[in-house]
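Below, chain A is the first sequence line, B the second, and so on; all start at residue 1.
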Amino acid sequence: MQFKSMVVLNEQISPGYCRIRLTAPREIMHAKPGQFVMVRVFEGIDPLLRRPFGIYDLGSFEPEYPEAPKQHYIEILYKVVGRGTGILHSLHRNDYLDVLGPLGNGFDPGNSNDEKILVGGGFGLAPLYFLAKQLASKSKVKVFIGGRKKEDILCVTEFERLGIEAYVATDDGTLGSMGLVTEVLEKYLAEGANHRTIFACGPVPMLKSAAAIAERYGIPCQVSLEANMACGVGACLGCVTRGSRHSDENPDYRCVCKDGPVFAATEILWD
Amino acid sequence: MQFKSMVVLNEQISPGYCRIRLTAPREIMHAKPGQFVMVRVFEGIDPLLRRPFGIYDLGSFEPEYPEAPKQHYIEILYKVVGRGTGILHSLHRNDYLDVLGPLGNGFDPGNSNDEKILVGGGFGLAPLYFLAKQLASKSKVKVFIGGRKKEDILCVTEFERLGIEAYVATDDGTLGSMGLVTEVLEKYLAEGANHRTIFACGPVPMLKSAAAIAERYGIPCQVSLEANMACGVGACLGCVTRGSRHSDENPDYRCVCKDGPVFAATEILWD
Amino acid sequence: MKKPDLSVEIAGIKMRNPVMTASGTFGYGEEYSSYVDLERLGGIVTKGLSLRPKAGNPMPRIVETPGGMLNAIGLQNVGIDAFIEKKLPFLRTVNTPVIVNFFGNTEDEYAEMAERLDKIPEVSGLEMNISCPNVKQGGIAFGSRPDAAYSVVKAVRESTIKPVIVKLSPNVSDIVEMAHACADADADALSLINTLTGMAIDLKNRKPVLANVTGGFSGPAIKPIALRMVWQVASAVDIPVIGIGGITKATDALEFLLAGATAVQVGTANFITPGVTENIVRDMERYLVENRIADVKDLIGALQA
Amino acid sequence: MKKPDLSVEIAGIKMRNPVMTASGTFGYGEEYSSYVDLERLGGIVTKGLSLRPKAGNPMPRIVETPGGMLNAIGLQNVGIDAFIEKKLPFLRTVNTPVIVNFFGNTEDEYAEMAERLDKIPEVSGLEMNISCPNVKQGGIAFGSRPDAAYSVVKAVRESTIKPVIVKLSPNVSDIVEMAHACADADADALSLINTLTGMAIDLKNRKPVLANVTGGFSGPAIKPIALRMVWQVASAVDIPVIGIGGITKATDALEFLLAGATAVQVGTANFITPGVTENIVRDMERYLVENRIADVKDLIGALQA
Ligand SMILES: Cc1cc2nc3c(=O)[nH]c(=O)nc-3n(C[C@H](O)[C@H](O)[C@H](O)COP(=O)(O)OP(=O)(O)OC[C@H]3O[C@@H](n4cnc5c(N)ncnc54)[C@H](O)[C@@H]3O)c2cc1C
Ligand SMILES: Cc1cc2nc3c(=O)[nH]c(=O)nc-3n(C[C@H](O)[C@H](O)[C@H](O)COP(=O)(O)OP(=O)(O)OC[C@H]3O[C@@H](n4cnc5c(N)ncnc54)[C@H](O)[C@@H]3O)c2cc1C
Ligand SMILES: Cc1cc2nc3c(=O)[nH]c(=O)nc-3n(C[C@H](O)[C@H](O)[C@H](O)COP(=O)(O)O)c2cc1C
Ligand SMILES: Cc1cc2nc3c(=O)[nH]c(=O)nc-3n(C[C@H](O)[C@H](O)[C@H](O)COP(=O)(O)O)c2cc1C
Ligand code: FES
Ligand code: FES
């Protein structure tokens, strides 16, 4: 669906990263973790296209007037990288913007007896946190968070509030262990990997190595991908990624917006 | 000059008309009535070009901190007509924008013994008010204000505060006499027209008829014109108007931004 | 005043209003069916089809530019067989003219596509894409040379009795010359403009942003070029013209009508506002009411220039 | 690290950096001298000159479009005599290469202009605007046909020993073909792009906005087309290329260098930020320092495509 939305709060959560809460119609409550929205940050042509963002959280708050209906909202976690996110960052409470979504397929939570292993970096934690909120009650969940420096490590406290243990690694060792979080993941799995499922969202190298580890230990792995998008609904065919059976002779392209953004790691051609 | 400027106040003064006060460097105090500024209302390409606005007022206010230097400002009176003025209207106190100016030639106040007759409509009153402030002390000044309906009649009280009598006419008679203000002007001049100078700024038909009246009574008349502008400094040649000697065989074009915006009525080809 | 008449007719295709979707920006209709009441539109133009399925170009395929975007989709499409089998059943349920956009690599392929499409009753018209700026050895040759355009249009013309709309490329020195060539080959109508050819560069990596290096330039930025070409062509040929390029609102569409277009297609704007075409129809009707214009056809070519 | 080298050379014209002003957007230099330190620029290109003064088109002459603008100035200029008498004295005081942009209605007029300019020591180079109608050839622009371009460039080439830069029109089917024609006629360099032809319509009055109906389209919106053409031309010819079109910041300019341009010209952006050219020079230098690039020339054509 497409809806006009009002900014409820818009705050920095870590240098360069912000969290924005937007009013939304009640239908938004059906959104699944891993789905995303496309936001039009500014009326007019600059920027022209919508910007895709994963859903970080959903909820409802009491309306200002007792008789008014409950107000639902959606939250996005965003990194300020360019013009669109820059404008998003400049929005104040009660400013309006336009949202399209929820879009995409979302994660498949799978068998609740399995241990759910979340692996993410940067704003990739957003959909994983939303997923964790739904899984925490039913399943054992662990989260592995990686980043360049401690500023890039998000949501640790949020996960811990859900009673989820967070393993952290940074390239420069400013938080958690020094190195790649996928190394920490591998150590963890070395102690026993059966009945586990990996859900990964973050930079491609992280996804790639998570996929490789999952394959090595023969456990299922779902990854959430990114691509430049125009429509978000499967109409423009602009957001493709290479499927596992892809070759230059017989190309195999998948729409990230429609067939994804979540794919089984085995569906994707990594190299 | 070009300067970054902060919005001090931005308020509606009549339905569809607003007044905005912008901080400015001290050099702005040398600006002459009839000169204009070109405002960039939004960083980015939408809208792309600057918007020209006549200078309505200048001044200084006490800085917030005693030791800080005096803060100078410029005021613009604007009508919300499209995208640029729409964005201007949406600006809040402490928002920034970018100003180029003062630009153009400005009015020539002339002999202070003459009676100064100001004729204007809509936002055309802006430069006339600035002019009146400088003339009021030295010369006899009268102002003739015309518009479609009473909402289009601006600055009457401001002129009266300067001790200037205002003659008002509206097409629908909702304020002042019903009809064209130039008819009121003509009546006034009929009682004696020598040692008088007309300064006019407003819609072209008003300027044209003011010019005709001035010619009939053989008194000098200065008019301030408008044209679509790109550069405002005489570089693009986009803002021309037809000079009095203009013919299709021997065109005679004048730059409104550089040779004007103020012209002797006799310099201009009307029709 | 009674409701204004928004209906137009192009080469026998009766449309309830002049607002269509542009090829490649609206999928096969179904993609946007939850956002737009397809039966409020004048027509639906499908993604460009070819005889065999086409996988398209490597990624990245799109990039935003000032006021526009570049695309190098590479004419990815399911092919005519899958179209008939998988996409047509849905379109059959929609009471709105369906115009199939198609292309080929050779004249014979164009002709064969036309023959295939000629047999599909649900297809109201054919739109030939003779300009594929982002496909290596694609249709570009057809669209940039009058003789080539003439003969491929002739070939298609002789392969179908359905209305043939030729979609012109703007990447030419003389758009009017191209238009005449297509009209001489008995095209029923012309649609323009297709995308201009553009390029974006990734300074950091010193590489083109698009895997295909260049891409098709569309969106509000190109509107002045589209308006100019539509005006030139509509003033020069006798067959109806469909205006395309940077349309995002009713006033844009009305400007194209004044310039001489009988109808318009909306492309890139669908991505930004899925319901944009319906909004344009609504606002166009309002405009006619407010300006006491009984029939939208009175605006076609009404520009005083 | 020591200051990076920003200097470039075009057909013997030594410039302290690759940033010039584009013809018609910077007057005769003096107009912007209070906003820009002209001696920080790589070069100044004058408004287009003709043998006799030209009054230009009726108004309105300009209109804003999404991300760009249209202009129909009509090549208004003071003529070469007034230029020498009134404008040159100022330019003489500025220690920066002056390139005179000029045009004619016939080949002979082009040649005569070249001869006149050849005698002016302060003129470092000539830029031929060939996007003008050839009155002898039924008004078709010299810049839209290779043969016409070849012979007018040849005529100019034989009339001056000064560097001859030919400014190409983008309104062509094959920009590379045009570039080759000019190179074959011994042009020393090429500059592109000139404006695209566009149109804007005043819906309310049902009239074109511009008195001239159509106008030249410039500004950020056209950058993707300009980048594509510069890349195509620079990859095809051996003479230096000057990149023009939608440049508003240093990163834009650097993208044109990567695409193969030896220098750039900034046009419409001057109107928005009078000091933009100086800012671009400053930011370009910063970019080189931050990225440890000793010589800006290392970026020319460095695109991996
Ligand atoms: C499915 C999906 C989910 C995403 N979720 C989040 C999220 O939760 N939080 C977050 O901060 N970011 C997220 N992103 C990335 C986000 O869309 C980009 O950071 C954002 O579009 C940048 O816009 P900009 O104008 O600030 O940057 P610019 O660089 O100015 O954008 C220029 C163009 O490139 C596109 N673009 C730039 N970076 C990306 C990218 N990484 N992915 C896709 N398009 C890009 C923009 O959409 C725009 O079209 C997601 C992307 C996708 C595809
Ligand atoms: C010398 C001068 C002084 C002016 N002084 C004032 C003033 O004091 N107060 C005020 O409200 N307005 C003034 N104007 C008119 C003002 O510039 C326009 O109303 C404004 O540019 C409209 O911008 P927009 O984006 O809101 O409208 P849009 O219609 O969206 O603008 C579209 C384009 O048309 C141009 N344009 C539209 N109307 C005019 C116009 N009347 N004159 C020139 N260009 C126009 C805009 O600059 C822009 O490039 C003045 C104009 C000039 C030339
Ligand atoms: C992503 C995308 C895909 C397109 N695919 C096609 C196509 O398959 N066939 C075609 O004739 N035109 C295609 N076009 C061109 C559009 O139909 C239209 O001519 C062009 O985008 C200009 O209109 P606009 O500015 O409204 O987008 C495509 C455009 C875009 C943006
Ligand atoms: C107002 C205006 C006047 C111009 N006059 C000329 C001219 O006289 N001769 C010429 O060769 N180009 C002329 N141009 C074209 C510019 O030099 C430049 O090629 C074009 O504007 C594209 O660059 P830009 O997008 O940076 O403006 C003019 C452009 C504008 C906007
Ligand atoms: S973004 Fe358009 S198909 Fe995915
Ligand atoms: S606005 Fe450029 S010359 Fe007047």
Inset, instruction - Please find out if less than 6.0 Å separates the ring center of Phe142(C) from that of Tyr110(C). - result: yes

Legend entry - Most contacts with chain C, counted as non-hydrogen pairs under 4.5 angstrom, among Pro220(D), Ser169(D), Gly67(D): Pro220(D)

Legend entry - Any side-chain heavy-atom pair of Ile225(C) and Arg228(C) under 4.5 Å: yes

Legend entry - chain D contact via Asn291(C) - side chain, backbone, both or neither, heavy atoms under 4.5 Å: neither

Inset, instruction - Look at Gly68(D), Ala305(D), Ser144(D) and state which one has the largest set of heavy-atom pairs under 4.5 Å with chain C. - result: Ala305(D)

Legend entry - Region of Leu303(C) in contact with chain D, defined by heavy-atom distances below 4.5 Å: both

Legend entry - Short side-chain to backbone donor-acceptor contact, Asp295(D) and Lys297(D), under 3.5 Å: yes

Inset, instruction - Please examine the side chains of Ile201(D) and Trp231(C), heavy atoms only from C-beta on, and report whether any two atoms are closer than 4.5 Å. - result: no

Legend entry - Validation row: Gln232(D), Thr197(C) side chains within 4.5 angstrom (heavy atoms): no

Inset, instruction - Using non-hydrogen atoms and a 4.5 Å limit, figure out which bit of Ala200(D) sits close to chain C: side chain, backbone, both or neither. - result: backbone

Legend entry - Proximal component of Ala226(C), with respect to chain D [non-hydrogen, under 4.5 Å]: neither

Legend entry - Top contributor to chain D contacts, counting heavy-atom pairs under 4.5 Å, from Leu227(C), Leu203(C), Leu257(C): Leu203(C)

Legend entry - Thr251(C) side chain reached by Tyr287(C) side chain, heavy atoms, under 4.5 Å: no

Legend entry - Top contributor to chain D interface from Gly198(C), Ala302(C), Ser173(C) [non-hydrogen pairs under 4.5 Å]: Ser173(C)

Inset, instruction - Would you mind telling me which of Gly246(C), Ala259(C), Pro208(C) has the largest number of heavy-atom pairs within less than 4.5 Å of chain D? - result: Pro208(C)

Inset, instruction - Would you mind listing every salt bridge (Lys or Arg N to Asp or Glu O under 4.0 Å) that reaches into residues 201-221 of chain D, with sequence neighbours excluded? - result: none

